[in-house]
Amino acid sequence: QVQLVESGGGLVQPGESLRLSCAASGFTLDYYYAIGWFRQAPGKEREGVSCINSRDGSIYYADSVKGRFTISRDNAKNTVYLQMNSLKPEDTAVYYCATESQGRWNDLCAPYEYDYWGQGTQVTVAS
């Protein structure tokens, strides 16, 4: 059974950092075709933050997080991370990790392409 469990969220001040973790079970990270982080703020649609194409290792970042967030993967631990630096109030959201298991997509980091989701972890950036 595929399961994704996020952790690492919390309340931080602007400019601070957090590292989110997504522990996977029931499958091997390097087998599935894509894995990524998404977020949803109150009243807004879920959006792709950063995603990895497991086939070729290419990575997508949303423009709003480029230069501040870094996605990484530890295959030995079957875990994906999202290092978030220089956090801003507009980064406040519930963050989810997800995998795309069909091996085909039009948009690597579009939420509708992903079929397995974690439960989410809250990130709040406020002074």
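In this structure, OH in Y96 is found 13.0 Å from CZ in R39, a value given to the nearest 0.5 Å. With rounding to the nearest 0.5 Å, the separation of CD in E100 from CD1 in I52 is 13.5 Å. Between atom CZ of residue R68 and atom OG of residue S86 there is a gap of 7.0 Å, rounded to the nearest 0.5 Å. Here Y116 contributes atom OH and Q1 contributes atom CD; the two are 9.0 Å apart, rounded to the nearest 0.5 Å.
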Using residues 14-24 as the side-chain source, report each donor-acceptor pair under 3.5 Å to any protein atom, sequence neighbours left out, with the distance given to one decimal.
| from | atom 1 | to | atom 2 | distance (Å) |
| --- | --- | --- | --- | --- |
| E16 | OE1 | Q13 | N | 3.0 |
| S17 | OG | N85 | OD1 | 2.9 |

Between side-chain atoms of residues 118-127 and protein atoms elsewhere (two or more places apart, or another chain), which donor-acceptor pairs fall under 3.5 Å?
| from | atom 1 | to | atom 2 | distance (Å) |
| --- | --- | --- | --- | --- |
| Q119 | NE2 | E6 | O | 3.3 |
| Q119 | NE2 | E6 | OE1 | 3.4 |
| T121 | OG1 | G9 | N | 3.2 |
| Q122 | NE2 | A93 | O | 3.4 |
| Q122 | NE2 | T124 | OG1 | 3.3 |

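Minimum interatomic distance between C109 and S50 (heavy atoms only, all atoms of both residues): SG-C, 3.7 Å. When every heavy atom of A34 is checked against every heavy atom of L108, the shortest pair comes out as CB-CD1, 3.7 Å. Nearest heavy atom pair, residue F69 against residue Y61, reads O-CE2, 3.2 Å. Residues I71 and I35 come closest through the heavy atom pair CD1-O, 4.3 Å. Residue S58 comes nearest to D56 through the heavy atom pair OG-OD1, 2.7 Å, listed as atom of the first residue, atom of the second, then distance. Contact record, W117 with P111: CZ2-O, 3.5 Å, taken as the closest heavy-atom pair.
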Could you go through the side-chain contact (heavy atoms from CB on, under 4.5 Å) check for N78 and T28 one step at a time?
-> CA-CA 7 Å; N78 224 31; T28 303; 4.3 Å; yes
Hey, mind stepping through D107 and Y112 against side-chain contact (heavy atoms from CB on, under 4.5 Å) and telling me if it holds?
-> CA-CA 9 Å; D107 184 346; Y112 70 82; 4.1 Å; yes
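A salt bridge links D63 with K66: at least one charged nitrogen is closer than 4.0 Å to a carboxylate oxygen.
The shortest side-chain heavy-atom distance between M84 and D91 does not fall under the 4.5 Å cut-off. A heavy-atom distance below 4.5 Å is found between the side chains of C97 and L4.
Residues V5 and V94 are members of separate hydrophobic clusters, defined by side-chain heavy-atom contacts under 4.5 angstrom among Ile, Leu, Val, Met, Phe, Trp and Tyr. Y81 and Y95 fall into different hydrophobic clusters, where Ile, Leu, Val, Met, Phe, Trp and Tyr are joined by side-chain heavy atoms under 4.5 Å apart, directly or via other members.
Distance alone, capped at 3.5 Å, is enough to place a donor-acceptor pair between the D74 side chain and the K77 backbone.
More than 12 heavy atoms of other residues, nucleotides or ligands sit less than 6.0 Å from atom CD of E90.
With a 6.0 Å cutoff to the six-membered ring centre and a 45° limit on the axis angle, R73 does not count as a cation-pi contact of W37.
Relative orientation of the F38 and Y114 rings is perpendicular, given thresholds of 30° and 60° on the angle between their planes.
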